[in-house]
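Note sheet for the following structure.
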Amino acid sequence: MQPPDQGEIRLEGARVEIDSVETALRHGIALIHQELNLADNLDVGSNIFLGREPRRRGLIDHARIHADARLCLARVGLEVDSRTLVRDLTIGHQQMVEIAKALSVDARVLIMDEPTSSLTQHEAEQLKRVIRDLSARGVSIVYISHRLGEVRELAHRVTVLRDGANAGELGAGEITHDNLVRLMVGRDVSQFYRRAAGSASRAPEGVPLLEVRGLRTPAHPEKELAFELRAGEMVGIAGLVGAGRTEVLTTLFGITPAAGGEILISGVPRTMGAPIDAIDAGLALVPEDRKQQGLILEMAVRENMTLASLRREQRNGFLPGPYEAEISASMISRLSIKTPHDRQEVRFLSGGNQQKVVLGKWLALEPRVLLLDEPTRGIDVGAKAEIYRIMEELAGQGVAILFVSSEMEEVLGLSDRALVMHEGRITGELPRRDLSEEAVMRLATGHSG
């Protein structure tokens, strides 16, 4: 619960003071957090009514809990037994339990913070049906999302925030992708995905910075991959889920050692048996899941920022006194990371700023090849624009960038070339002049170029 600095809250025209979660619930205001807030050692029904358990003769009425829980689960279309332990559910199903929990209080105002971030497409569609049903029954919904398609599909009205301030409002007839992006990033959408003029032709001739010959990943050991990456290039890897894109990056970085083939750095064969080998060769990887694989959430920004460079900078087991402070100050400024100070625990930063901390951690090593796996997943449009700016800046300095993205606009807008994968193999390579959604999708569905 965050108390307001100023202003007032009105509910049905009457001013209300909300000083606790309990007070908000009493007023019929419920919040569905982006991060799961469940007790995984309890069953589904107990989670839905945690802290509000119905009682009979002074004892918790478990029969009523599960009867009412089944009604809540039916409202969100989740077909699971209310006596199932939460830890045995998928992440998507756990998210639906969170939504059922919020609905159980009969909220008049329901706040949803990125509610589909962990849902499959089927689950997301079911949630949209629930939202429309609630709206039709008079429930007011505040829907927070970076997925602009969902906003366009669901919203009757949109308020856009930028840097903590109201950047503008859009009525139902004004909610378009271009209008949303313009308000979010403060400039016309035509400048959002950009490559500097002539950038695609600036890659030097001669020996590629990274070359892959007959590479076989453990996930698809029967498929051989071959491609190259030159200094200053931004090459996208496109494909459908399960195509093997992430596995290429983890193999290049030594997380999953190759099943065969060669990796050459500036023409010299290198063995990537572990991430330390890749780091020594000048590679860096920003992983898809920043919270599980890129950060230590309970540590400060400055400590996270220097994790990758500890081995290089330590002297007799100790870091030079000012090193952490200097690196964190440099990266906070360079990457425009919004944090009150560098001792802030990174878990309290927004998704976009967390992503920039992960990026800064690797930039401290001055990599020659930067591997990015879904570099803008789960961050808002403003943060995306800043990540794109950083990528462009690095490419301009001669860093070779190989990135995986499931967003077609990123692949089309940022790539000098795109490699398209299907079932573990590269089905085609598209130069910038031939990049189109139709061409990418044709190759992504298994049709060779």
Side-chain angles (χ1 to χ4, degrees), residues 1-18 23-24 27-35 99 102-103 107-117 119 124-125 127-194 336 338 349-353 355 376-389 407 409-410 413:
M1 180 67 204
Q2 181 70 36
D5 296 318
Q6 61 183 28
E8 61 182 19
I9 300 172
R10 291 183 175 270
L11 196 60
E12 295 184 335
R15 181 172 178 172
V16 295
E17 298 288 341
I18 299 177
T23 303
H27 284 295
I29 301 173
L31 168 65
I32 299 172
H33 297 270
Q34 179 180 3
E35 301 299 328
I99 295 166
L103 297 182
R108 292 188 292 165
V109 178
L110 186 57
I111 304 169
M112 296 184 170
D113 187 5
E114 303 284 0
T116 62
S117 60
L119 302 186
E125 291 302 321
L127 175 61
K128 292 174 188 176
R129 288 192 288 272
V130 171
I131 289 171
R132 294 187 184 101
D133 177 61
L134 291 171
S135 177
R137 286 195 268 153
V139 177
S140 296
I141 298 171
V142 178
Y143 192 92
I144 302 168
S145 179
H146 68 275
R147 296 182 175 180
L148 303 190
E150 292 178 1
V151 174
R152 293 198 310 272
E153 187 177 350
L154 294 172
H156 298 113
R157 184 163 48 91
V158 172
T159 298
V160 176
L161 301 180
R162 186 173 72 246
D163 295 331
N166 189 333
E169 295 189 3
L170 300 172
E174 303 170 306
I175 304 172
T176 67
H177 179 275
D178 288 5
N179 283 341
L180 288 168
V181 170
R182 176 176 52 80
L183 290 175
M184 285 177 164
V185 302
R187 62 174 182 267
D188 190 79
V189 69
S190 64
Q191 301 173 10
F192 187 47
Y193 301 102
R194 77 198 194 286
S336 302
K338 294 180 176 63
L349 302 186
S350 68
N353 285 301
Q355 186 74 345
T376 64
R377 171 164 290 177
I379 65 177
D380 64 43
V381 173
K384 284 185 178 184
E386 292 190 20
I387 294 292
Y388 299 152
R389 173 189 61 79
E407 295 197 26
E409 293 91 345
E410 285 185 353

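Only heavy atoms go into these numbers, but all of them, side chains included; no hydrogens, no water, no symmetry mates.
- Rounding to the nearest 0.5 Å places OG1 of T176 at 7.0 Å from CG of L170.
- The shortest distance between side-chain heavy atoms of L154 and R132 falls below 4.5 Å.
- Between G171 and I175, the shortest heavy-atom distance links the atoms O-CG1, 3.1 Å.
- Of the inter-residue distances, the one linking L183 atom CG with E174 atom CD reads 9.5 Å to the nearest 0.5 angstrom.
- Rounding to the nearest 0.5 angstrom, the gap separating the CD atom in E125 from the CD atom in E153 is 6.0 Å.
- The structure places CD of E150 at 4.5 Å from OG of S145, a figure rounded to the nearest 0.5 Å.
- Counting all heavy atoms, side chain and backbone alike, L349 lies closest to K338 at CD2-O, 3.8 Å.
- The side-chain heavy atoms of I131 and L127, taken from C-beta on, include a pair separated by under 4.5 Å.
- Atom CG in L31 sits 7.5 Å away from atom CD1 in I144 (nearest 0.5 Å).
- A salt bridge links R137 with D133: the closest approach of a Lys/Arg side-chain nitrogen to an acidic carboxylate oxygen falls below 4.0 angstrom.
- Partner of I32 under the side-chain contact (heavy atoms from CB on, under 4.5 Å) criterion, out of D113, L110, L103: L110 alone.
- Across every non-hydrogen atom of I141 and S135, the tightest pair is CD1-N, 4.4 Å.
- Counting all heavy atoms, side chain and backbone alike, N353 lies closest to S350 at ND2-OG, 2.9 Å.
- Considering all non-hydrogen atoms of both residues, I18 and A24 come closest at CG2-CB, 3.8 Å.
- Using a 4.5 Å heavy-atom cutoff, the side chains of L11 and I9 are not in contact.
- Between K384 and E409 there is no salt bridge, since no side-chain N of the basic residue sits under 4.0 Å from a carboxylate O of the acidic one.
- Residues meeting the side chain to side chain donor-acceptor pair (under 3.5 Å) test with R10, sequence neighbours left out: E8.
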Are R152 and L180 close enough, and set up right, to give a side-chain contact (heavy atoms from CB on, under 4.5 Å), and what steps lead you there? CA-CA 9 Å; R152 293 198 310 272; L180 288 168; 4.1 Å; yes
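- Across all non-hydrogen atoms, the minimal contact from A30 to A102 is CB-O, 4.0 Å.
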